[in-house]
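See below for the structure under consideration.
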Amino acid sequence: MPELPEVQTTVDELKKEILGVSFLDFWYDWKKSVKNLSPEEFKKKIKGEKILDISRRAKLLVFKLTNNKLLLAHQKMTGHFLVGNWKYYPRAKRKWQSTDIGHLQDKVNDYIHLMFWLDDGRQLAFSDLRKFGWVAFYENITLEDIPEIASLGPEPLDENFTPNILEKRLKKTSRPIKQAIMDPKIIVGIGNIYADESLFLAQIHPLTPANKLSDQKIRKLFWAIQKTLKTAIKYKGTTILSGAEEYRLPSGERGNYQDKTQVYHRENQPCSRCSSKIKRIKIGQRSAHFCPKCQKNSS
DNA sequence: CCAGTTGTTGTTCT
DNA sequence: AAGAACAACAACTG
């Protein structure tokens, strides 16, 4: 699922491919995939816009367009961008406006809900099996004032982010530490996979109340989060094997970090540190994976 | 048919 | 009022 490392990888790869190109045309088959405008209005706005820069804030992709206009995208759980040159899409069994795509022949995948035609002859496709992801178009507003951005906490890999800032934010809540670091108002970019992995690295039990962690543990957690995210970026993110289409690089390749996880998706497998069986419990209706021996519920 | 999966938001409860 | 809990969104796998 796209968390910070997957979004960062998408940004890095897209920059190599489509910086400087312009949008020629747009197609959609799911209205809600365009968040703040009607898809028809969005299409009018986006046509002719040039991609000047691509960056990331939290799990959002930020496309900087001409005259400070912005295209934002959130991939949520199953969304991802693909760049290519296709002829058929999306799924044969779905009805769609044949006038828009009549000349196409090779299929992308079954879950394309947005398609952008680019002026370099290629296409940018947004694949999203569960349809929670979205794009939004903004003009006459600075990035920090956009509602989805304004309420966000600090970036874990920002050079100005320090253990003291993390400590201050964690002291404000008694919720389990796992839920606290997954809360984008406290710190952004961390989802289920990297929360479990960071807590394993820091040897912290996921149920420990956030405001009960010692300063030493918080410093260790700070380090563990950065280490985990940086390593995951190096491996181009996580693509958990499954029949469904999930996270891919814009080239269609899988990430490789799923082979590196220590606890996530590894229930009953031996801990790499002590060989105890990895446990899975529920925290706030979500799975949490941890080593019961290495991650004690102590403050 | 049911449980499990996921990030974020909006609603409801305490 | 604030903070925490939880439903909702969607679609597929096992």
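The structure displayed is predicted, hence computed values, not measured ones. Every heavy atom of this structure was used, including side-chain atoms; hydrogens, water molecules and symmetry mates were not. First the proteins, then the strands, lettered A, B, ... as listed; each starts at 1.
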Sequence neighbours left out, what passes ring-ring contact (aromatic ring centres under 6.0 Å, His included) with A:Phe126? Give chain and number order.
A:Phe81
Those residues at least two apart in sequence (or on a different chain) that pass side chain to side chain contact (heavy atoms under 4.5 Å, CB included) with A:Ser22 are A:Lys50, A:Asp119
Could you give me the CA-CA distance, side-chain angles and deciding distance for A:Asp183 and A:Gln179, then say whether side-chain hydrogen bond (donor to acceptor under 3.5 Å, both in side chains) is met?
CA-CA 6 Å; A:Asp183 182 345; A:Gln179 286 184 290; over 6 Å; no
Interatomic distance where CE belongs to A:Met77 and C1' belongs to C:dT13 [whole Å]:
15 Å
Taking only Lys NZ, Arg NE, NH1 and NH2, and the carboxylate oxygens of Asp or Glu, determine whether A:Arg56 and A:Glu155 approach each other closer than 4.0 Å.
yes
note: A:Arg280, atom CZ; B:dG4, atom C1'; distance rounded to Å ~ 8 Å
In whole angstrom, what separates A:Trp30's CH2 from C:dA11's C1'?
10 Å
Sequence neighbours excluded, the answer for salt bridge (Lys or Arg N to Asp or Glu O under 4.0 Å) partners of A:Arg122 is A:Glu17, A:Asp120
What is the distance, rounded to the nearest whole Å, between atom CD1 of A:Ile283 and atom P of B:dG7?
14 Å
Looking at every strand, decide which applies to A:Glu3 at a 4.0 Å heavy-atom threshold: base, sugar-phosphate, or nothing.
sugar-phosphate
From NZ of A:Lys59 across to C1' of B:dT8 the rounded distance in Å is 9 Å
Using side chain to side chain contact (heavy atoms under 4.5 Å, CB included), reason through A:His113 and A:Asp29 one step at a time and then give a plain yes or no.
CA-CA 5 Å; A:His113 299 299; A:Asp29 77 341; 2.8 Å; yes
In this structure, how many angstroms lie between the C1' atom of B:dG7 and the CG atom of A:Leu152, rounded?
12 Å
Looking at B:dT8, I'd like to know if its phosphate oxygens (OP1 or OP2) sit under 4.0 Å from a side-chain N or O belonging to A:His74.
yes
What is the distance, to the nearest angstrom, from the CD atom on A:Glu267 to the P atom on B:dA3?
18 Å
Below 4.0 angstrom, N of the basic side chain to O of the carboxylate: do A:Lys16 and A:Glu13 qualify?
yes
Check the hydrophobic clustering (I, L, V, M, F, W, Y; side-chain heavy atoms under 4.5 Å; chains of links allowed) and say if A:Val62 and A:Val188 are grouped together.
yes
Search all heavy atoms of A:Ile225 against all heavy atoms of A:Ser198 and return the closest pair with its distance.
CA-OG, 3.5 Å
Scan nucleotides 9-14 of chain B nucleotide by nucleotide, 5' to 3', and note B when protein non-hydrogen atoms come under 4.0 Å of the base, S if they reach only the sugar-phosphate, - if neither.
------
With side chain to side chain contact (heavy atoms under 4.5 Å, CB included) as the test, would you mind laying out the steps for A:Arg130 and A:Lys76 before giving the verdict?
CA-CA 9 Å; A:Arg130 294 209 178 90; A:Lys76 292 289 177 97; over 6 Å; no
Is the shortest side-chain N/O distance from A:Ser287 to OP1 or OP2 of B:dT5 below 4.0 Å?
yes
State whether A:Lys282 places a side-chain N or O below 4.0 Å from either non-bridging phosphate oxygen (OP1 or OP2) of B:dG4.
no
Residues in residues 187-197 of chain A with a heavy atom under 4.0 Å of DNA chain B, by number, are A:Gly191, A:Asn192
Sidechain N-carboxylate O distance under 4.0 Å for A:Glu167, A:Arg219:
no
Where along nucleotides 1-8 of chain C does protein come under 4.0 Å, by heavy atom, of base (B) or sugar-phosphate alone (S), with - for untouched nucleotides?
---SSSS-
Starting at CG of A:Asp128 and ending at C1' of C:dA10, how long is that distance when rounded to a whole Å?
9 Å
Side chain to side chain contact (heavy atoms under 4.5 Å, CB included) between A:Trp30 and A:Asp128, worked out:
CA-CA 10 Å; A:Trp30 185 251; A:Asp128 190 11; over 6 Å; no
